[in-house]
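Just so it is clear, the values below take in all heavy atoms, side chains as well, and ignore hydrogens, waters and symmetry mates. The chains referred to below are lettered A, B, ... by the order of the sequence lines, with proteins before strands, and numbering in each begins at 1.
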Amino acid sequence: MTIELKQASEYIWEIPKTGEMLVPGRIYADAGLIKHLVDDVNKGKEWNALVQIRNVACLPGIQKASLALADVHPGYGFAIGAIGAFDTETGVISVAGVGFDCNCGVRTLKTQLTRDDIKGKEEGLANELYKVIPAGIGSEGKIKLSFSQIDEVLVKGAKYAIECGFGTQEDLTFMEEEGCVRGADPKTVSREAKERGFNQVGTLGSGNHYLEVQYVSDIFDEKAAQAFGLFKGQILVSIHCGSRALGHQIGTDYLKTLEEASRRYNIPVRERELVCAPFKSEEGQRYFKAINCGINAAFANRQVLGHLTRKAFASALGTEERSIRTLYDIGHNTAKLEKHKVDGKGKDLIVHRKGATRAFGPGRPEVPDAYKSIGQPVLVGGTMGTASYILHGTEKGMEEVFGTAVHGAGRVSSREAAKKRWRAKEVIAELGKSGIIIKGHSLSGVAEEAPGAYKDVTQVVDVVHNAGIARKVAMSRPLIAIKG
Amino acid sequence: MPYEFLEHEADIGIRAWDKTLEKAFAKGAQALFEIMVDIKKVKKASSVEISCEARDIPALFVEWLNMLLTQADINKMVFRDFKVTSIEPFGYDLYKLKGTAFGEKLDPQRHILKVEPKAATYFGLKYEFKDGAHYLQCVVDV
């Protein structure tokens with residue numbers, strides 16, 4: 001197997017349009033990151049990201065290019081770190097472009113505390129967070145809903161959590177879609193999905209999901225940091241999780257629906273997981289409405305977790321709950337209806353971001369007023385031992401990559417390999433020496449998430465920064481990590 | 001065993017095999033739950049009947065695994081043993097499976113939690129019969 005790859009500019013590589021490809025593949029990376037992708041192909045690895053990028057370039061109605069950013073790594077169907085934007089008239093919608101954890105994303109809260117304020121109190125805060133944040137397999141949320149109330153969550157998203165007393169109206173101002181995407185129809189979500197989901201609102205989950213207490217270690221852009229309300233030494237909390245089992249079941253249910261649809265509409269499928277339906281078809285519309293339900297469930301989930309975090313800070317440190325404000329809340333597994341310029345013309349597109357964060361530039365109506373002159377905050381999760389970044393969207397990003405940026409470091413080592421290489425207790429001890437407290441519900445889960453299993457987040461972020469599709473505002477380093 | 005985990009950067013590939021197709025399906029299910037907990041710690045205290053269908057054997061494998069995840073979650077259970085009683089063709093493009101999953105209520109203290117599988121996917125999906133055994137594989141999103 002060979003895949004032709006050409007360097008188009010310092011940070012852009014292209015897979016030229018050949019054969020059944022409707023557009024080229026385009027990857028934002030540096031030479032080191034590209035080498036890793038090419039090595040996978042040369043070693044004959046069947047599951048590799050370059051083939052996945054090429055396959056997505058063959059799907060009907062795809063616009064501009066099959067895109068991937070610096071955190072790209074092999075997924076299922078779509079690569080993780082991939083963007084596929086499709087014409088709403090001629091294009092398709094795909095389960096693999098969203099994944100089985102719809103609107104998995106990050107919420108970052110900003111406190112008025114500094115690193116010095118919590119010095120010596122970290123262990124107490126970690127224990128309190130571990131106690132109040134439901135996490136791990138089988139955990140249930142603190143918001144008690146009846147089965148019928150789940151429909152309200154699916155339609156109203158974070159708004160419903162606030163109606164139930166979890167958080168404040170101001171939180172909504174600083175969420176993508178103000179915490180509630182329109183076009184959600186609970187009738188498109190199966191009974192099984194609702195049964196799995198109604199007692200999981202406000203739970204972290206497991207795997208790579210986490211809650212981290214961090215401090216701002218570096219400010220790169222003073223003006224933007226000021227607009228975002230960030231300062232050096234400030235304590236932040238980042239929550240990474242998604243729509244839980246409800247979202248998983250939506251993916252599972254619609255994988256079957258879309259497989260039938262692919263056959264019915266004669267859509268050529270190069271990889272079975274890439275089954276899809278025309279966006280305008282009955283099946284495509286049903287799936288889109290279900291995704292919107294999943295998106296709202298994830299917003300509600302992070303809303304409840306944000307509220308519990310405030311409670312934990314109040315209880316452990318006496319912090320006033322109102323002083324902990326939402327910086328932003330953003331998804332990175334979504335398919336969304338957006339307007340973008342293609343060949344100079346405004347077009348309605350269904351934009352799939354699989355492990356990629358929306359990163360809208362300045363002036364876009366979707367960006368909160370307080371951030372409008374800067375562009376939306378982009379929350380990039382790091383690893384337990386390294387750093388997270390806050391970037392802002394740019395005009396260049398709007399033009400080149402449909403207003404999108406990286407979502408995290410991106411894995412470089414498989415979970416199996418990670419477990420063989422690192423032992424959880426050693427990882428915890430090692431991080432402890434650097435002043436990072438890890439509280440995990442699963443020891444093997446901690447080993448799989450060892451920082452060494454990931455790419456260097458700084459290298460990944462520098463690519464999008466230097467390419468100009470998003471710009472660095474601040475970096476934060478972890479102090480406490482709660483793992484599922 | 002006989003099942004094994006295959007390297008995938010973000011997720012986990014599973015491959016299961018046995019002399020009969022039914023047994024290979026059961027082994028695949030064990031692999032799935034081994035991702036979640038230490039299945040040796042799970043007791044066979046109760047069971048859930050499973051029936052599902054799909055248009056071909058590989059898709060039936062994914063359907064079976066996903067049905068088990070759904071049932072485990074809804075019943076707040078975890079499974080360790082599986083018996084597939086029948087896999088039969090029905091018409092010209094449908095296969096039906098009947099089986100039973102054995103396990104007990106999830107106990108986070110005793111079961112040694114690992115990572116929660118989100119879903120079995122069609123990615124890397126393969127079914128083959130070679131050297132007298134049925135082989136099934138797919139990638140599980142975790």
On a heavy-atom basis, which atom in A/S206 and which in B/E116 lie closest, and how many Å separate them? OG-N, 2.9 Å

Structural part of B/A72 lying under 4.5 Å from a heavy atom of chain A: neither

Atom pair SG (B/C52) and NZ (A/K256), whose distance is rounded to the nearest 0.5 Å: 8.5 Å

For chain B, find which of A/H441, A/Q200, A/R244 contributes the most heavy-atom pairs closer than 4.5 angstrom. A/R244

Separation between CZ of A/R196 and OG1 of B/T70, rounded to the nearest 0.5 Å: 4.5 Å

Would you sort out whether A/K45 and B/E9 count as a salt bridge (charged side-chain N to carboxylate O under 4.0 Å, His left out), showing the intermediate values? CA-CA 11 Å; A/K45 266 199 188 174; B/E9 246 114 323; 3.8 Å; yes

So that I can tick it off, tell me whether A/R272 and B/D56 are bridged by a salt bridge, with the cut-off set at under 4.0 angstrom between side-chain N and carboxylate O. yes

B/E63 versus chain A, the contacting section by heavy-atom distance below 4.5 Å: side chain

Is it the backbone or the side chain of A/I80 that comes under 4.5 Å from a heavy atom of chain B, or both, or neither? side chain

Looking at side-chain heavy atoms only, is the closest gap between B/L6 and A/W47 below 4.5 Å? yes

Portion of A/V412 that has a non-hydrogen atom of chain B nearer than 4.5 angstrom: backbone

Which bit of A/Q52 comes within less than 4.5 Å of chain B, counting heavy atoms only: side chain, backbone, both or neither? side chain

Taking side chain as C-beta onward, heavy atoms only, is B/F5 less than 4.5 Å from A/K419? no

Please identify, among A/T252, A/L255, A/I137, A/D101, the residue contributing the most non-hydrogen atom pairs under 4.5 Å to chain B. A/I137

Heavy-atom distance under 4.5 Å to chain A: side chain of B/L113, backbone, both or neither? both

Out of A/E448, A/E140, A/R415, which one racks up the most heavy-atom pairs below 4.5 Å with chain B? A/R415

First locate atom OH of B/Y122, then atom CG of A/L274, and finally report the distance between them rounded to the nearest 0.5 Å. 13.0 Å

Nearest-0.5 Å distance that lies between atom OG in A/S442 and atom NZ in B/K114: 8.5 Å

Going by heavy atoms in the side chains, are B/H8 and A/S414 under 4.5 Å from each other? no

Going by atom types alone, do A/Y76 and B/D141 pair a side-chain donor with an acceptor below 3.5 Å? yes

Where on A/R191 is there a heavy atom nearer than 4.5 Å to chain B: the side chain, the backbone, both, or neither? neither

Could you give the distance from NZ (B/K118) to SG (A/C104), rounded to the nearest 0.5 Å? 5.5 Å

For B/A10 and A/P74, which heavy atoms make the closest approach, and how far apart are they? CB-O, 4.0 Å

Which bit of B/K76 is near chain A, if near means a heavy-atom gap under 4.5 Å: side chain, backbone, both or neither? side chain

In short, B/F123 meets A/G77 closest at the heavy-atom pair CD1-N, 3.5 Å

Less than 4.5 Å apart, any side-chain heavy atom of B/D73 and any of A/Q249? no

Select one option (side chain, backbone, both, neither) describing which atoms of A/E192 are under 4.5 Å from chain B's heavy atoms. both

